[in-house]
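Step one of this worksheet: look at the structure below.
To find a chain, count down the sequence lines: A is the first, B the second, and so on, and within it residues start at 1.
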Amino acid sequence: NAGVTQTPKFRILKIGQSMTLQCTQDMNHNYMYWYRQDPGMGLKLIYYSVGAGITDKGEVPNGYNVSRSTTEDFPLRLELAAPSQTSVYFCASSYEASFYEQYFGPGTRLTVT
Amino acid sequence: DQQVKQNSPSLSVQEGRISILNCDYTNSMFDYFLWYKKYPAEGPTFLISISSIKDKNEDGRFTVFLNKSAKHLSLHIVPSQPGDSAVYFCAASDGGNQFYFGTGTSLTVIP
């Protein structure tokens with residue numbers, strides 16, 4: 001199993017550009033999550049999904065959009081990138097929600113200049 | 001507002017000694033807690049968990065203690081090894097769909 005994979009690993013965006021961060025898991029997990037980690041901070045939940053076709057906002061959803069058309073994929077879309085979105089983005093998945101650990105991808109380091 | 005806090009950004013310990021990492025939380029509804037370990041340029045990996053019906057959980061060299069009245073949990077690593085050098089995050093859930101993460105403690109184990 002590859003687990004959770006994320007692409008790209010690194011990206012530099014100019015202010016106002018858009019991009020999609022890809023996330024795929026091969027563990028048949030229903031739950032998927034997007035987090036961002038800023039320097040010296042913990043992980044903040046952006047969006048999550050409890051299954052294909054179902055998504056919900058986390059703590060910091062502004063400036064982002066998600067979709068979940070399949071169990072495996074959970075892309076994160078940034079529209080009109082801003083410097084405040086410079087961060088490391090982690091995708092995660094879990095079998096269920098609160099009583100199961102999450103499996104994380106390796107992260108995408110995004111810089112917006 | 002940070003509901004899960006790790007007040008020590010860093011910790012250095014000699015190899016073979018005990019490492020104690022602390023975590024405090026403010027939400028009394030949290031009932032499940034996890035510790036994750038993170039190496040540079042990698043995603044966090046699950047280490048150990050504890051539910052609120054227990055006050056201790058052990059897995060090899062790792063033990064997590066939960067003090068519900070103090071809203072405090074700690075991770076003990078005995079004996080500490082150089083490979084344990086990483087950033088450790090605690091996370092908590094109230095049974096819903098979200099986990100709330102602390103800011104992390106960077107552990108350095110000195111050979």
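- Taking hydrophobic clusters as Ile, Leu, Val, Met, Phe, Trp and Tyr residues chained together by side-chain heavy-atom distances below 4.5 Å, B/Leu75 does not share a cluster with B/Phe65.
- Residues B/Val13 and B/Phe89 are members of separate hydrophobic clusters, defined by side-chain heavy-atom contacts under 4.5 angstrom among Ile, Leu, Val, Met, Phe, Trp and Tyr.
- For a residue to count as touching a neighbouring chain, one of its non-hydrogen atoms must lie under 4.5 Å from one of that chain's; by this rule A/Lys44 touches chain B with the side chain only.
- Note on B/Gly104, B/Ala41, B/Pro44: by heavy-atom pairs under 4.5 Å with chain A, the leading option is B/Pro44.
- Under the disulfide bond (SG atoms under 2.5 Å apart) criterion, no residue pair touches residues 42-88 of chain A, with sequence neighbours excluded.
- When heavy atoms are compared at a cutoff of 4.5 Å, A/Tyr35 approaches chain B solely by way of its side chain, counted from C-beta outward.
- Checked against side chain to side chain donor-acceptor pair (under 3.5 Å), A/Ser87 has the following partners two or more places apart in sequence or in another chain: A/Asp38.
- Residue A/Val50 touches chain B through its side chain alone, counting heavy-atom pairs closer than 4.5 Å.
- With a 4.5 angstrom heavy-atom cutoff, A/Gln6 does not touch chain B via any of its atoms.
- Paired with B/Trp35 under the rule side chain to side chain contact (heavy atoms under 4.5 Å, CB included), one option of B/Ile50, B/Leu73, B/Ile77 passes, and it is B/Leu73.
- Using a 4.5 Å cut-off between heavy atoms, A/Leu45 touches chain B through its side chain atoms alone.
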